[in-house]
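Throughout, a chain's letter reflects where its sequence line sits, starting with A, and its residues are numbered from 1. Just so you know, these numbers come straight off a predicted model, no measurement behind them.
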Amino acid sequence: MKMSKLFVQTLREFPNDAEAISHKLLVRAGYIKKLANGIYTYMPLAQRVLAKISNIIREEMNASGAQELTMPFVQPAEVWQKSGRWQKYGKELLRCKDRHDNEMCLAPTHEEVITSVVGEVVNSYKQLPLNLYQIQTKFRDEIRPRFGLLRGREFIMKDAYSFHTTQEDLEREYEVMGKTYTSIFNRCGLETTAVQSDSGAIGGAVSHEYMVLVDTMVGENDVFYCKNCSYSANSNHAISKLPIETTDGGFDKEEIVDTPNTKTIEELAAFLKVNANCILKAVAYIADSRPVIAMIRGDKEVEETKLMNVLNALEIRPMENNEVKEFLNSEAGFISYRNVDKSKVRVVFDNTVKGMKNFVLGADIKDKHIVGANLEEGIEFYDISLVKEGEFCPECGKPLYITRGIEVGNIFQLGTKYSEPMGACYTDEKGQLKPYIMGCYGIGVSRTMAAAIEKYHDDFGIVWPIEIAPYHVDIVPVNIDDETQSKVAYEIYEKLTKEGIEAVIDDRSDRAGVKFKDADLIGFPIRITVGKTIQEGLVEYKTRKDGVMTKLTPDEAIENVIKYVKKSS
RNA sequence: CGGGAUGUAGCGCAGCUUGGUAGCGCACCUCGCUUGGGACGAGGGGGUCGCACGUUCAAAUCGUGUCAUCCCGACCA
């Protein structure tokens, strides 16, 4: 490809509306153009990167026995009504009507359609197991799209769905997919960590997220991991081994005391001169429009996903101050659990509360708390707390560390969550009708591209792993008007192209500095510069990753490129 | 959904306080010159100042509304 013909425009400055480095670089280096919030055009450079990632995915998925298909992006409400998600999915599902006033939606995922397709085709256990996948655009109307391609509304996803007759066979496939994912990301030049994660409101299922660990804010997931063993988990799922320590507030008897202006735990702890872990904190929520109080030790925080799982709730939000009065007949900042109508308000106690004695508790009256309180008999405890760094690994007991992760893939054991309500069944050996046992497996293709940039960039631009770079090599004649330089550059370009190397020749009449800046920004893994040293028969061979430059003859440079590219594939 | 900020040429910005012919840098076009890390000179093209309504002789500028974008937060009592 001639640089003069490549459809790309690099910018001298970073765009103003981008925050994440991947977003800034994708825009500045001319890979993407924004059309609307969270909706981007993939320019030719990006298209090539996406194609490379997609091809790696295809090769690995096909090798694992999966088959590719393509399902509709616009879907009728009907299939979603069947699974029950037309009601439940919420605003992320972009709905619209066709000219006949039929309700339609843009696909955010494809469980419904694949279940319906397989339901029509697969009637016998003999046709199972089966794994089908597609690489396709998805649309999710996110509350707050941000960070460019890391959280767009329209994005490219590989989604696979597997169908089985037994849980054991699903687990076998789940493991195959796990291995497949690891090698897909490795081949993309990305190291990933498989972390345990929450699997959504309908519990019981197993799922893992494949995370690229980063130390920036753009990783939207907190990941806890153990340096001693292999344990790692998303914060929404992580558990820690906390000894049920006894925390004693040291009050002799239960009584109500004045605690003016103590709306936060810190203020209250300071006022009463007790540790936060001697205060029983009440956090009030509305879960699926029903009031809930989560009781938790003052130094811990509620993990809402865990709470939702305990409640089997789909939606949860903190209670507003006026609702605290309405539902709990209490006062924000001074909530207790003792005076509520238990038939109307669900009270959930965290495990950490178990060891609390003579603690401090809200009195349901403004500016008053109860001190020296103790728990009643027969309370059930659940794990609804967020793990904190430094708490202990549930598997080996060593301290847990926290980091940020970008979720690029996720594998999930669905069971019969979709097949059952949708009536998608096969006939087993005994002639009985059984719903399929399903798994699903996703990879964010466009997000993977962005994650790679988050991981691999420097002050000058993108530093692509060669496996997913848009081109392998950029050939730069310093002065295109110099006959020798131009001739040699073109010869190198022709020879490399013939060898199947993806090369760009920067045939623009710009000065060398412009070409070098663009080469670094775009992120070509290798640059061959043909300049003055061609008088001595030498060109410069430079790798982007380490900036190492060597002077070689054109033929040696060509050989080096071929070696470098072959080694990576 | 709440709070904050910003909308002026493809990109980055100034102008707005104090209303009076819409500007700068980059990019783009032409010519010259230059060719090893975003050169230089001369000339040129491109914007209904987000949109609507209002105030005014006159609005990018003042007022009201609206839309969009970005950031933060989404209540831990």
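Rounded to whole Å, the distance from NZ on A:Lys515 to P on B:U34 is 16 Å. One can place CD of A:Gln535 at 13 Å from P of B:G36, the figure rounded to the nearest angstrom. In this structure, A:Arg317 places its CZ atom 11 Å from P of B:C75, rounding to the nearest Å. When the C1' atom of B:U35 is taken as reference, atom CZ of A:Arg508 falls 14 Å away, rounded to whole Å. Rounded to whole angstrom, the span from the NZ atom of A:Lys325 across to the C1' atom of B:C75 amounts to 14 Å. One can place CD1 of A:Ile296 at 14 Å from P of B:C75, the figure rounded to the nearest angstrom. Nucleotide B:G38 holds its P atom 14 Å from the CG atom of A:Leu521, rounded to whole Å. Spacing between atom CG of A:Asp350 and atom C1' of B:C76 amounts to 12 Å, rounded to whole angstrom units.
Two residues are said to be in side-chain contact when any heavy atoms from C-beta on lie closer than 4.5 Å; A:Arg297 and A:Met356 meet this criterion. Using a 4.5 Å heavy-atom cutoff, the side chains of A:Lys306 and A:Asp383 are in contact.
For the residue pair A:Phe73 and A:Thr137, the shortest heavy atom distance occurs at CD1-O, 3.4 Å. Nearest heavy atoms, A:Tyr285 versus A:Ala294: CE1-CB, 4.2 Å. Taking both residues in full, the closest heavy atoms of A:Tyr42 and A:Glu154 are given as OH-O, 4.2 Å, listed atom of the first, atom of the second, then distance. Annotation for A:Val530 and A:Gln485: closest pair O-OE1, 3.4 Å, computed over non-hydrogen atoms. Summarising the geometry of A:Glu209 relative to A:Met211, their closest heavy-atom pair is OE1-CE, 3.0 Å, with the distance given to 0.1 Å.
Pairing partner, B:G23: B:C13, with both Watson-Crick or wobble hydrogen-bond distances short of 3.5 Å. Nucleotide B:G45 forms a pair with no other nucleotide shown, judged by Watson-Crick or G-U wobble geometry with both contacts under 3.5 Å. Nucleotide B:C76 forms no Watson-Crick or G-U wobble pair with any nucleotide shown, as no partner meets the under 3.5 Å limit on both distances. Across all strands shown, B:C40 pairs with B:G32; the Watson-Crick or G-U wobble distances both stay below 3.5 Å. When Watson-Crick and G-U wobble pairs are counted only if both distances are under 3.5 Å, B:A58 pairs with no nucleotide at all. Across all strands shown, B:C51 forms a Watson-Crick or G-U wobble pair, both distances under 3.5 Å, with B:G65.
Spacing of C1' atoms, B:G45 relative to B:G3, comes out at 44 Å, to the nearest Å. Between B:G41 and B:A14, the distance separating the two C1' atoms is 25 Å to the nearest Å. With C1' as the reference atom, B:C53 and B:C72 are 32 Å apart, rounded to whole Å. Nucleotides B:A60 and B:G23 have their P atoms positioned 13 Å apart, rounded to a whole Å. Taking atom P on both nucleotides, B:G63 is separated from B:G73 by 31 Å, rounded to a whole Å. Nucleotides B:G38 and B:G12 have their C1' atoms positioned 15 Å apart, rounded to a whole Å. When the C1' atom is compared between B:G65 and B:A27, the two are found 36 Å apart, to the nearest whole Å. Rounded to a whole angstrom, the distance from the C1' atom of B:G20 to that of B:U56 is 12 Å.
Taking the six-membered ring for Trp and thresholds of 30 and 60 degrees, A:Tyr225 and A:Tyr401 have ring planes inclined between 30 and 60 degrees apart. Using cut-offs of 30° and 60° for the angle between ring planes, the A:Phe524 and A:Tyr471 rings count as tilted.
Residue-to-nucleotide contacts include a donor-acceptor pair under 3.5 Å from the side chain of A:Glu304 to the base of B:C76. Counting atom types as modelled, A:Arg12 pairs no side-chain N or O with a base atom of B:G37 as donor and acceptor under 3.5 Å. On a pure distance criterion of 3.5 Å, no polar donor-acceptor pair joins the side chain of A:Asp510 and the base of B:G38.
Residue A:Ala36 is classed as having no contact, given no heavy-atom separation below 4.0 Å to the nucleic acid. Residue contacts for A:Lys34: at a heavy-atom cut-off of 4.0 Å it reaches the sugar-phosphate backbone alone, with no base atom in range. Nucleic acid contact for A:Asp482: none, since no nucleic acid atom lies under 4.0 Å from a heavy atom of the residue. Among the atoms of the strands shown, only primed sugar atoms or phosphate atoms (P, OP1, OP2) are found under 4.0 Å from some heavy atom of A:Arg146. Residue contacts for A:Ser330: at a heavy-atom cut-off of 4.0 Å it reaches no nucleic acid atom on any strand shown. Across all strands, A:Arg527 comes closer than 4.0 Å to base atoms (heavy-atom distances). When heavy atoms are screened at a 4.0 angstrom cut-off, A:Ile316 is found touching no nucleic acid atom at all. If you check every strand for non-hydrogen atoms under 4.0 Å, A:Leu268 touches nothing. Residue contacts for A:Lys542: at a heavy-atom cut-off of 4.0 Å it reaches a base atom on one of the strands shown.
Close to B:U34, at under 4.0 Å from its OP1 or OP2, lies no side-chain N or O of A:Asn479. The side chain of A:Lys517 places no N or O atom within less than 4.0 Å of a non-bridging phosphate oxygen (OP1 or OP2) of B:G37.
Comparing B:U34, B:G38, B:G36 against the side chain of A:Arg28 picks out B:G38 as the nearest. Across B:G36, B:C76, B:C1, the shortest atom-to-atom separation from the side chain of A:Val283 is found for B:C76. You'll find that the side chain of A:Asn37 is closest to B:U69, out of B:A74, B:U69, B:G36. Checked against B:C71, B:G38, B:C76, the side chain of A:Glu19 finds its nearest nucleotide in B:C71. Checking B:G36, B:G37, B:C76 against the side-chain heavy atoms of A:Asp520 singles out B:G37 as nearest.
Every pair passing salt bridge (charged side-chain N to carboxylate O under 4.0 Å, His left out) that includes a residue from residues 477-491 of chain A is listed here, sequence neighbours excluded: A:Lys487-A:Glu491.
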For nucleotides 3-13 of chain B, give me every protein contact, N/O to N/O, under 3.5 Å, one pair per line with atom names.
unit_1	atom_1	unit_2	atom_2	d
B:G12	OP1	A:Asn16	N	3.1
B:G12	O2'	A:Glu13	OE2	3.0
B:C13	OP2	A:Asn16	ND2	3.1

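Of the two residues contacting RNA chain B, namely A:Arg144 and A:Gln485, the nearest-nucleotide position lying further toward the 5' end is that of A:Gln485. Between A:Gly38 and A:Thr529, the one whose closest nucleotide on RNA chain B sits nearer the 5' end is A:Thr529.
A distance of 5.0 Å separates CD1 in A:Ile558 from NZ in A:Lys495, rounded to the nearest 0.5 Å.
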